[in-house]
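Side chains are part of it too, since the values below use all heavy atoms of this structure and drop only hydrogens, waters and symmetry mates. Fair warning: this is a prediction, and the values are worked out from it, not measured in the lab. Both counts, for ligands and for their atoms, begin at 1 and track the order of listing.
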Amino acid sequence: QALAQQGKELVVATDTAFVPFEFKQNGKYTGFDIDLWDAVAKKANLNYRFQPMDFNGIIPGLQTRNLDAALAGITIRDDRKQVIDFSDPYYESGLAILVNTDNSDIKAASDLEGKTVAVKIGTATVDFMQRSVPTAKLKLFPNIDNAFLELATGRVDAVVHDTPNVQYYAQTGGKDRVKVTGAVKSGDFYGIAFPKDSELVPVVNQALKDIRADGTYDKIYQKWFGKQP
Ligand code: GLN
């Protein structure tokens with residue numbers, strides 16, 4: 001395809017810390033989103049560099065067109081579709097509760113009423129909590145690692161964040177210290193995000209179809225989640 005952007009180095013934003021989609025390992029960013037974009041860009045013959053940043057800055061950066069695309073486990077939402085474009089969905093997700101292993105009374109969203117809960121600024125969780133658990137006291141962090149620390153030191157009762165993220169954290173960095181006690185929302189989908197009317201959208205959608213058809217998507221999924229999608 002003849003893209004105006006062909007040849008140019010695209011700036012592709014990712015989150016700074018969102019295991020296992022994008023995170024720093026031995027000084028280098030790795031994860032599902034990183035591998036997915038590498039595969040998409042290879043198919044579509046796109047030249048790019050990653051730009052890790054706090055989640056909160058990503059949608060504004062797309063709106064001002066300082067960013068050409070973004071992968072950060074970004075939930076496709078109608079309100080966001082007013083200001084940015086999305087690719088076809090590439091991962092099904094939801095929201096879940098993370099508590100310390102010795103906590104036995106928080107299991108569902110209703111158990112969070114009146115509790116102090118750490119959440120990440122600019123994410124769908126903030127909106128969910130304000131609507132569904134209005135009496136919870138929210139502590140907002142730009143980076144989820146700080147929310148996990150707050151839980152470890154007992155300054156919050158729980159963290160609510162994307163299910164695959166808290167599950168992965170509970171099995172890795174937070175192993176034996178934290179556990180996922182309840183799903184509070186399901187049926188969310190992640191999409192690759194673009195400035196409005198970006199000509200990259202159809203190109204990336206075709207590449208997503210191609211990597212699903214040739215087994216690359218499944219390979220990447222199994223690498224990070226160890227099972228079939
Ligand atoms: N899925 C969440 C959202 O779109 C954010 C995920 C993340 O923290 N990177 O709001």
Side-chain angles (χ1 to χ4, degrees), residues 11-25 29-37 50-63 67 69-98 109 117-133 136 138-151 156 158-170 172-174 178 180 183-196 220-221 224-225 229:
V11 181
V12 180
T14 64
D15 201 340
T16 41
F18 188 56
V19 290
F21 295 87
E22 46 261 333
F23 59 105
K24 220 174 192 175
Q25 202 171 52
Y29 272 95
T30 185
F32 180 88
D33 281 347
I34 306 291
D35 287 349
L36 185 79
W37 180 263
F50 285 118
Q51 164 103 53
M53 55 195 292
D54 284 342
F55 184 81
N56 199 27
I58 293 178
I59 293 173
L62 291 166
Q63 286 182 262
L67 305 170
L71 294 89
I74 305 173
T75 303
I76 301 172
R77 290 166 51 103
D78 286 339
D79 58 340
R80 291 175 176 169
K81 281 190 196 164
Q82 307 293 314
V83 294
I84 56 171
D85 279 353
F86 284 100
S87 70
D88 293 333
Y90 71 83
Y91 186 94
E92 184 167 0
S93 189
L95 304 177
I97 305 169
L98 187 78
V117 180
V119 297
K120 183 160 146 187
I121 298 174
T123 64
T125 302
V126 177
D127 187 56
F128 170 83
M129 289 298 294
Q130 285 169 346
R131 282 169 202 261
S132 307
V133 197
L138 300 185
K139 276 198 167 182
L140 297 153
F141 296 92
N143 184 317
I144 202 68
D145 289 342
N146 295 323
F148 293 152
L149 266 178
E150 202 78 349
L151 182 65
V156 295
V159 173
V160 177
H161 198 37
D162 295 46
T163 309
N165 172 264
V166 290
Q167 264 170 358
Y168 192 91
Y169 177 69
T172 55
V178 294
V180 178
V184 295
K185 192 173 187 298
S186 59
D188 287 338
F189 287 91
Y190 295 160
I192 302 173
F194 304 90
K196 261 240 149 295
I220 296 170
Y221 194 100
W224 293 105
F225 301 103

Legend entry - Output field: ring centroids F50/Y29 closer than 6.0 Å: no
Inset, instruction - Quick one: look up the protein heavy atom nearest atom 10 (O) of ligand 1 and list residue, atom name and how far away it is. - result: A124 N, 2.7 Å
Legend entry - ligand 1 contacted by R77 (non-hydrogen, < 4.0 Å): no
Inset, instruction - Considering heavy atoms of the protein only, find what lies nearest to atom 8 (O) of ligand 1 and give residue, atom and distance to 0.1 Å. - result: K120 NZ, 2.7 Å
Inset, instruction - Provide the number and element of each atom of ligand 1 under 4.0 Å from a heavy atom of I74. - result: 4 (O)
Inset, instruction - Output yes when the distance from some N or O of ligand 1 to some N or O of G122 is under 3.5 Å, and no in every other case. - result: no
Legend entry - Atoms of ligand 1, numbered as shown, that sit under 4.0 Å from any heavy atom of F55: 3 (C), 4 (O), 5 (C), 7 (C), 9 (N), 10 (O)
Inset, instruction - Determine, using heavy atoms of H161 and all atoms of ligand 1, whether some pair is separated by less than 4.0 Å. - result: yes
Inset, instruction - State whether the number of non-hydrogen atoms from other residues, nucleotides or ligands found under 6.0 Å of K196 atom NZ is greater than 12. - result: yes
Inset, instruction - May I ask you to identify, for R80, whether its side chain, its backbone, both or neither come under 4.0 Å of ligand 1 on a heavy-atom basis? - result: side chain
Legend entry - Y190/L71 under side-chain contact (heavy atoms from CB on, under 4.5 Å): CA gap, chis, key distance, verdict: CA-CA 9 Å; Y190 295 160; L71 294 89; over 6 Å; no
Inset, instruction - Test side-chain contact (heavy atoms from CB on, under 4.5 Å) on Y90 and D33 and set out the steps. - result: CA-CA 10 Å; Y90 71 83; D33 281 347; 2.7 Å; yes
Inset, instruction - Heavy-atom contacts with T123 under 4.0 Å: which atoms of ligand 1 show up? List them by number with element. - result: 5 (C), 8 (O), 10 (O)
Inset, instruction - May I ask you to check if ligand 1 and G73 share an N or O to N or O distance below 3.5 Å? - result: yes
Legend entry - Per-atom contacts, ligand 1 versus A72 - under 4.0 Å to a heavy atom: 6 (C), 7 (C), 9 (N)
Legend entry - Within-cut-off N or O pair, D15 and ligand 1, under 3.5 Å: yes
Inset, instruction - Would you confirm whether the ring centroid of F32 sits within less than 6.0 angstrom of the ring centroid of F225? - result: yes
Inset, instruction - Please confirm whether F21 and Y91 have ring centers closer than 6.0 angstrom. - result: yes
Legend entry - D162 side chain vs L95 backbone, donor-acceptor pair below 3.5 Å: no
Inset, instruction - Determine whether the aromatic ring centres of F18 and W224 lie less than 6.0 Å apart. - result: no
Inset, instruction - Report yes if T75 has an N/O atom closer than 3.5 Å to an N/O atom of ligand 1; otherwise report no. - result: yes
Legend entry - Minimum side-chain heavy-atom gap S93-T75 below 4.5 Å: no
Inset, instruction - Report yes if Y190 has an N/O atom closer than 3.5 Å to an N/O atom of ligand 1; otherwise report no. - result: no
Inset, instruction - State, to 0.1 Å, how close K120 and T123 come at their nearest heavy-atom pair, and which atoms those are. - result: O-OG1, 2.7 Å
Inset, instruction - Give the residue and atom name of whichever protein heavy atom lies nearest to atom 2 (C) of ligand 1, and the separation in Å to one decimal. - result: D162 OD2, 3.4 Å
